[in-house]
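Structure, as structure tokens:
Bear in mind the structure is a predicted one, so any value in this text is a computation, not a measurement. We use all heavy atoms of the structure for the numbers below, so side chains are in, but hydrogens, waters and symmetry mates are not.
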Amino acid sequence: FRSNTLKKKEKNGMRDIIMTKEFAKLFSEDLIFIEQAKDNEEIFNIIGKKLIEKGLVKDSFIEAIISREKDFPTGLDLSVIDHTGKVPNVAIPHTESEHCNTKKVVVVKLKNEITFYNMISPDYKLKVKFLFIILNNEKGEQCNILADLMDFFTINKNFLKLAQLSDTNEIYKYIVA
């Protein structure tokens with residue numbers, strides 16, 4: 001099933017993905033972070049505490065996202081869309097709906113790359129620069145959000161530009177523009 005919240009359009013002979021209002025609502029300027037961490041557990045603790053303070057997730061969230069990442073890795077190798085090595089890899093961590101109080105996507109740009117395991121080949125390690133953490137309190141919606149994020153990632157120029165931004169406000173504006 002497909003949510004169809006991203007629309008394709010032709011411009012100057014190139015395919016673009018345009019984010020619809022419905023998908024853009026998943027992003028909030030106060031949920032864009034630039035952080036440093038030594039590993040995925042540390043970044044999950046840093047971001048998880050902020051999300052708990054905001055009331056967006058339950059106290060069980062941090063433990064749940066760490067556990068789920070170990071069992072079901074979320075690293076995504078974007079070298080398949082860009083062979084120059086300029087497009088950074090991402091991870092799309094998420095938990096079950098009972099650990100979330102809302103439906104949002106949290107964006108984390110890491111100051112340093114950290115290791116995640118590949119979601120397609122779980123034995124393969126990836127260096128990741130961005131996290132798109134899905135908060136979803138609605139059962140059955142996760143696949144739609146994942147599919148829309150994948151569409152956004154696979155448009156090469158989206159991620160080339162995003163990787164160059166260093167301010168949370170710029171990142172937010174670029175994602176929802």
Side-chain angles (χ1 to χ4, degrees), residues 5-6 17-19 21 23-59 61-70 73-79 81-82 84-95 99-119 125-136 142 145-146 148-177:
T5 56
L6 296 180
I17 294 291
I18 305 303
M19 192 175 300
K21 288 179 186 176
F23 191 60
K25 284 183 197 175
L26 294 175
F27 297 88
S28 298
E29 191 170 350
D30 67 328
L31 295 178
I32 311 284
F33 302 100
I34 298 175
E35 297 288 345
Q36 184 163 340
K38 67 181 182 309
D39 58 30
N40 61 19
E41 285 194 28
E42 184 178 13
I43 197 66
F44 291 153
N45 273 287
I46 291 168
I47 300 301
K49 287 175 185 169
K50 292 178 182 191
L51 299 176
I52 290 168
E53 284 176 20
K54 292 177 180 284
L56 300 175
V57 297
K58 296 181 171 68
D59 290 340
F61 177 81
I62 296 171
E63 186 178 320
I65 200 164
I66 290 170
S67 176
R68 192 173 197 297
E69 187 66 34
K70 286 177 182 173
T74 62
L76 185 60
D77 182 0
L78 294 184
S79 69
I81 62 163
D82 175 67
T84 67
K86 293 180 182 175
V87 174
N89 295 321
V90 302
I92 314 171
H94 50 281
T95 65
H99 304 290
C100 301
N101 297 325
T102 191
K103 186 173 161 183
K104 289 285 184 187
V105 176
V106 179
V107 180
V108 182
K109 181 176 183 177
L110 296 162
K111 292 179 183 177
N112 55 306
E113 293 179 322
I114 59 176
T115 300
F116 276 75
Y117 285 91
N118 189 322
M119 71 168 61
K125 292 180 182 180
L126 296 171
K127 292 290 187 183
V128 166
K129 188 75 173 172
F130 277 92
L131 306 180
F132 286 76
I133 303 171
I134 298 173
L135 308 180
N136 182 23
Q142 204 102 303
I145 298 169
L146 276 168
D148 289 335
L149 285 171
M150 298 291 270
D151 281 349
F152 180 78
F153 299 152
T154 56
I155 301 302
N156 191 359
K157 71 178 193 167
N158 278 344
F159 238 79
L160 282 173
K161 173 68 176 164
L162 190 63
Q164 297 168 2
L165 302 176
S166 58
D167 175 77
T168 57
N169 182 267
E170 290 175 343
I171 292 169
Y172 173 74
K173 285 181 180 176
Y174 182 75
I175 290 172
V176 299

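Across every non-hydrogen atom of I34 and S166, the tightest pair is CD1-O, 3.1 Å. Contact between I62 and F44 at its shortest, heavy atoms only, is CG1-O, 4.0 Å. Closest approach of D30 to F33, counting heavy atoms only: O-CZ, 3.5 Å. Listed here is the closest heavy atom pair of I32 and S28: CG1-O, 3.6 Å. Heavy atoms only, all atoms of each residue included: E170 and L165 are closest at O-CD1, 3.6 Å. In plain terms, the two heavy atoms of E69 and G75 that are nearest each other are OE2-N, 4.3 Å.
Atom OH of Y117 has 12 or fewer heavy atoms from other residues, nucleotides or ligands within 6.0 Å.
For the atom pair L131 CG and H94 NE2, the distance stands at 13.0 Å (nearest 0.5 Å). Separation of atoms OG1 (T74) and CZ (R68) is listed at 8.5 Å; rounding is to 0.5 Å. For the atom pair N112 CG and K129 NZ, the distance stands at 6.5 Å (nearest 0.5 Å). Distance check, rounded to the nearest 0.5 Å: CG of N45 to CG of N40 gives 10.0 Å. Going from atom OH of Y174 over to atom CG of D167 covers 15.5 Å, rounded to the nearest 0.5 Å. Residue I134 holds its CD1 atom at 10.5 Å from NZ of K103, rounded to the nearest 0.5 Å.
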Does the side-chain contact (heavy atoms from CB on, under 4.5 Å) test come out yes or no for L78 and F130, once each step is laid out? CA-CA 11 Å; L78 294 184; F130 277 92; over 6 Å; no
Please step through side-chain contact (heavy atoms from CB on, under 4.5 Å) for the pair L51 and L31, ending with a clear verdict. CA-CA 9 Å; L51 299 176; L31 295 178; 3.9 Å; yes
Yes or no on side-chain contact (heavy atoms from CB on, under 4.5 Å) for M150 and I92, after CA distance, side-chain angles and deciding distance? CA-CA 10 Å; M150 298 291 270; I92 314 171; 4.0 Å; yes
Residue pair F132, L146: steps toward the side-chain contact (heavy atoms from CB on, under 4.5 Å) verdict: CA-CA 10 Å; F132 286 76; L146 276 168; over 6 Å; no
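Counting only heavy atoms from C-beta outward, the side chains of F61 and L56 never approach each other to under 4.5 Å. The closest side-chain heavy-atom distance from E113 to N89 is not below 4.5 Å. Side-chain contact between T95 and V57 is absent, with no heavy-atom pair separated by less than 4.5 Å.
Side chains of E29 and T168: a donor-acceptor N/O pair is absent below 3.5 angstrom, by distance only. No hydrogens or angles considered: a donor-acceptor pair under 3.5 Å links the side chains of K173 and N169.
Every pair passing salt bridge (Lys or Arg N to Asp or Glu O under 4.0 Å) that includes a residue from residues 31-41 is listed here, sequence neighbours excluded: E35-K50, K38-E42, E41-K70.
With hydrogens and angles ignored, the 3.5 Å screen pairs no side-chain donor or acceptor of N118 with any backbone N or O of K125.
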